[in-house]
Amino acid sequence: MIKLGVLISGSGSNLQAIIDAIAAGKLDAEVAVVVSSRPDAYGLVRAQEAGIQTIALSRDVYANTDTANMAIATELTRAGCDYVVMAGYMRMVTEPILAAFPDRVINLHPALLPSFKGAHAIQDAFDAGVKVTGVTVHFANAEYDKGPIIAQRPVVVDEDDTLDSLEAKIHAVEHVLYPETLQLVAEGRVKVGIDRKVHIS
């Protein structure tokens, strides 16, 4: 069983998917701590209802990114986390966390990387008129939305899709793919090779 530290900024729906997968026996993990970049994030309520320790950092702390990430790295280490899971976390993860958890910081992105990086990936894909978009789970590194890709799943954009309906479809895939991918990690099947590509046994 692996210990996860989950970073959130908003509603925490992917956090809930992870909590539910653990409760259903589909994910051999424990969420040791949830850290939020916003004190009013609803994901904190989800964590508290599940009996998980929560930490919310103030804007003053986040005024300096490295100071914030040093504080987070310290708390994640103190909680005994094996992996850091970004679940709708809208802040940059920098060297203090990446150095403390090398190739153990996992991110979820609502597009098929390397296409449509950034915070508006669903909107950008929709506006581009792509016929297929999707979801990517990858190891985070110092470059935004770049790092070894662990898993991807496509989402077809139908002719009658609106931005809202596409967003709902992508979130539905996220809630399945993220716990499934974390289970592969928990089973020790995910390795980053010397080629800096992910290999799954």
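Side-chain atoms are counted along with the backbone in the values below, which use heavy atoms only and exclude waters and symmetry mates. Here the structure is a predicted model, which is why all the values come from computation and not from measurement.
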Student: To the nearest 0.5 Å, how far apart are CD in Glu167 and CD1 in Ile122?
Tutor: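 Rounded to the nearest 0.5 Å, the CD-CD1 separation comes out at 4.5 Å.
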Student: Enumerate the residue pairs fulfilling salt bridge (charged side-chain N to carboxylate O under 4.0 Å, His left out) with a member in residues 18-28, sequence neighbours excluded, ordered by first and then second residue.
Tutor: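 Sorted pair list comes back empty.
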Student: Do you reckon Ile18 sits in the same ILVMFWY cluster as Val93, going by side-chain contacts under 4.5 Å, direct or chained?
Tutor: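 No, because Ile18 and Val93 fall into different hydrophobic clusters, even though each may have its own neighbours under 4.5 Å.
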Student: Which atom names give the shortest non-hydrogen contact between Ala140 and Asn107, and what distance separates them?
Tutor: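 Taking Ala140 first and Asn107 second, the nearest heavy atoms are CB-CB, 4.5 Å.
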Student: Using the test side-chain hydrogen bond (donor to acceptor under 3.5 Å, both in side chains), find all partners of Asp82 that sit at least two apart in sequence or belong to another chain.
Tutor: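 Per chain and number, Asp82 pairs via side-chain hydrogen bond (donor to acceptor under 3.5 Å, both in side chains) with no residue.
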Student: Tell me, do Leu76 and Phe101 make a side-chain contact under 4.5 Å, heavy atoms counted?
Tutor: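 Yes, at least one pair of side-chain atoms sits under 4.5 Å.
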Student: Which pair of non-hydrogen atoms, one from Ala17 and one from Pro179, has the smallest distance, and what is that distance?
Tutor: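 Looking at all heavy atoms of both residues, the shortest contact is O-CG, 3.8 Å.
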Student: Same cluster or not: are Val176 and Ile170 linked, directly or through other Ile, Leu, Val, Met, Phe, Trp or Tyr residues, by side-chain heavy atoms under 4.5 angstrom apart?
Tutor: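 No.
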Student: Do Val198 and Leu182 sit in one hydrophobic cluster, given that two such residues count as connected whenever their side-chain heavy atoms are within less than 4.5 Å of each other, even indirectly?
Tutor: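 Yes, one cluster joins them.
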Student: Within the 4.5 Å heavy-atom criterion, are Tyr62 and Thr67 side-chain neighbours or not?
Tutor: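 Not touching, per the 4.5 Å side-chain cut-off.
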Student: Holding to salt bridge (Lys or Arg N to Asp or Glu O under 4.0 Å), I want the full list of residues that pass it with Glu95, two or more places apart in sequence or in another chain.
Tutor: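 Result, salt bridge (Lys or Arg N to Asp or Glu O under 4.0 Å) vs Glu95: none returned.
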Student: Looking at Tyr178 and Ile106, what are the two nearest heavy atoms and their distance?
Tutor: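 In this case the closest contact between Tyr178 and Ile106 is OH-O, 3.2 Å.
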Student: Nearest 0.5 Å, what's the CE-CG distance between Met92 and Asp66?
Tutor: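 Those atoms lie 10.5 Å apart.
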Student: Under a 3.5 Å distance rule, please check whether His138 uses its side chain to pair with a backbone N or O of His109 as donor and acceptor.
Tutor: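 No, because the side chain of His138 does not come within donor-acceptor range (under 3.5 Å) of the backbone of His109.
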Student: Test your reading of the model: is there a side-chain donor-acceptor pair from Asn14 to the backbone of Met86, 3.5 Å cut-off?
Tutor: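 Flag not set: sc Asn14 to bb Met86 has no pair under 3.5 Å.
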Student: Taking atom CZ of Arg78 and atom CD1 of Ile55, what is their separation to the nearest 0.5 Å?
Tutor: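 If I round to the nearest 0.5 Å, the distance is 8.0 Å.
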Student: Please find the pair of heavy atoms, one from Leu113 and one from Thr136, that lie closest to each other, and give the distance.
Tutor: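 Looking at all heavy atoms of both residues, the shortest contact is N-OG1, 3.0 Å.
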Student: To the nearest 0.5 angstrom, please state how far the CD1 atom of Ile97 sits from the CZ atom of Arg104.
Tutor: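 Reported to 0.5 Å precision, the distance equals 12.5 Å.
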Student: Other than Met70, what residues sit in its cluster of Ile, Leu, Val, Met, Phe, Trp and Tyr side chains whose heavy atoms are under 4.5 Å apart, directly or through others?
Tutor: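 The other cluster members (ILVMFWY side chains, heavy atoms under 4.5 Å, direct or chained): none.
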Student: Do you reckon Tyr83 sits in the same ILVMFWY cluster as Ile22, going by side-chain contacts under 4.5 Å, direct or chained?
Tutor: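 Tyr83 clusters together with Ile22.
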Student: Any salt bridge (charged side-chain N to carboxylate O under 4.0 Å, His left out) pairs touching residues 173-186, not counting sequence neighbours?
Tutor: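 Sorted pair list: Arg153-Glu180.
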Student: Could you check whether any side-chain heavy atom of Val157 comes within less than 4.5 Å of a side-chain heavy atom of Val132, counting everything from C-beta outward?
Tutor: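 Not touching, per the 4.5 Å side-chain cut-off.
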Student: Out of curiosity, does Val85 fall in the hydrophobic cluster containing Leu177 (side-chain heavy atoms, cut-off under 4.5 Å, transitive links)?
Tutor: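 Yes, Leu177 connects to Val85 through the hydrophobic network.
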Student: Which residues satisfy the salt bridge (Lys or Arg N to Asp or Glu O under 4.0 Å) test with Arg91, sequence neighbours excluded?
Tutor: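 Here no residue qualifies.
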Student: Just how far is it from atom CG of Leu27 to atom CD of Glu187, taken to the nearest 0.5 Å?
Tutor: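 CD of Glu187 is found 9.5 Å from CG of Leu27.
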Student: Roughly how far, to the nearest 0.5 Å, is the CD1 atom of Ile150 from the NZ atom of Lys197?
Tutor: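 CD1 of Ile150 is found 15.5 Å from NZ of Lys197.
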Student: Give every donor-acceptor pair under 3.5 Å between a side-chain atom in residues 3-13 and any protein atom, sequence neighbours left out.
Tutor:
{"from": "Ser9", "atom 1": "OG", "to": "Ser37", "atom 2": "OG", "distance (Å)": "2.7"}
{"from": "Ser9", "atom 1": "OG", "to": "Met90", "atom 2": "N", "distance (Å)": "2.9"}
{"from": "Ser13", "atom 1": "OG", "to": "His175", "atom 2": "NE2", "distance (Å)": "3.1"}

Student: Using the salt bridge (charged side-chain N to carboxylate O under 4.0 Å, His left out) rule, collect all pairs that involve residues 32-42, keeping only residues at least two apart or in two chains.
Tutor: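 Checked against salt bridge (charged side-chain N to carboxylate O under 4.0 Å, His left out) - neighbours excluded - the pairs reaching residues 32-42 are Arg38-Asp40.
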Student: Determine the minimum heavy-atom distance between Phe126 and Thr162, stating which atoms define it.
Tutor: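 In terms of heavy atoms, the two residues are closest at CE1-C, 3.6 Å.
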Student: Which pairs with one or both residues in residues 116-125 pass side-chain hydrogen bond (donor to acceptor under 3.5 Å, both in side chains), sequence neighbours excluded?
Tutor: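 Counting only pairs at least two positions apart or across chains, the side-chain hydrogen bond (donor to acceptor under 3.5 Å, both in side chains) contacts touching residues 116-125 are Gln123-Asp127.
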Student: Report yes if some heavy atom in the side chain of Ile52 is under 4.5 Å from a heavy atom in the side chain of Val33; otherwise report no.
Tutor: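 Contact flag for Ile52/Val33 side chains = no.
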Student: Go through the steps to decide whether Ile2 and Val185 satisfy the test side-chain contact (heavy atoms from CB on, under 4.5 Å), and finish with yes or no.
Tutor: CA-CA 9 Å; Ile2 56 173; Val185 172; 4.2 Å; yes
Student: Mind listing the closest non-hydrogen atom pair of Leu44 and Pro39 along with its distance?
Tutor: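 That would be CD1-O, 3.4 Å.
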Student: For the pair Asp158 (side chain) and Asp160 (backbone), establish whether a donor and an acceptor sit closer than 3.5 Å, ignoring hydrogens and angles.
Tutor: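 Not at all, since once roles are kept as given, no pair shorter than 3.5 Å links the two residues.
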Student: Per the salt bridge (charged side-chain N to carboxylate O under 4.0 Å, His left out) rule, what does the pair list look like for residues 129-150, sequence neighbours excluded?
Tutor: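 Only Lys131-Glu159, Glu143-Lys146 qualify under salt bridge (charged side-chain N to carboxylate O under 4.0 Å, His left out).
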Student: Between Val192 and Phe139, is a side-chain contact (heavy atoms from CB on, under 4.5 Å) present by the stated rule, with each step listed?
Tutor: CA-CA 9 Å; Val192 180; Phe139 286 112; 3.6 Å; yes
Student: Would you please name every residue forming a side-chain hydrogen bond (donor to acceptor under 3.5 Å, both in side chains) with Ser201, sequence neighbours left out?
Tutor: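 Result, side-chain hydrogen bond (donor to acceptor under 3.5 Å, both in side chains) vs Ser201: none returned.
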Student: Can you list the residues that meet the salt bridge (Lys or Arg N to Asp or Glu O under 4.0 Å) rule with Asp161, with sequence neighbours excluded?
Tutor: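 By the salt bridge (Lys or Arg N to Asp or Glu O under 4.0 Å) rule, Asp161 matches Lys169.
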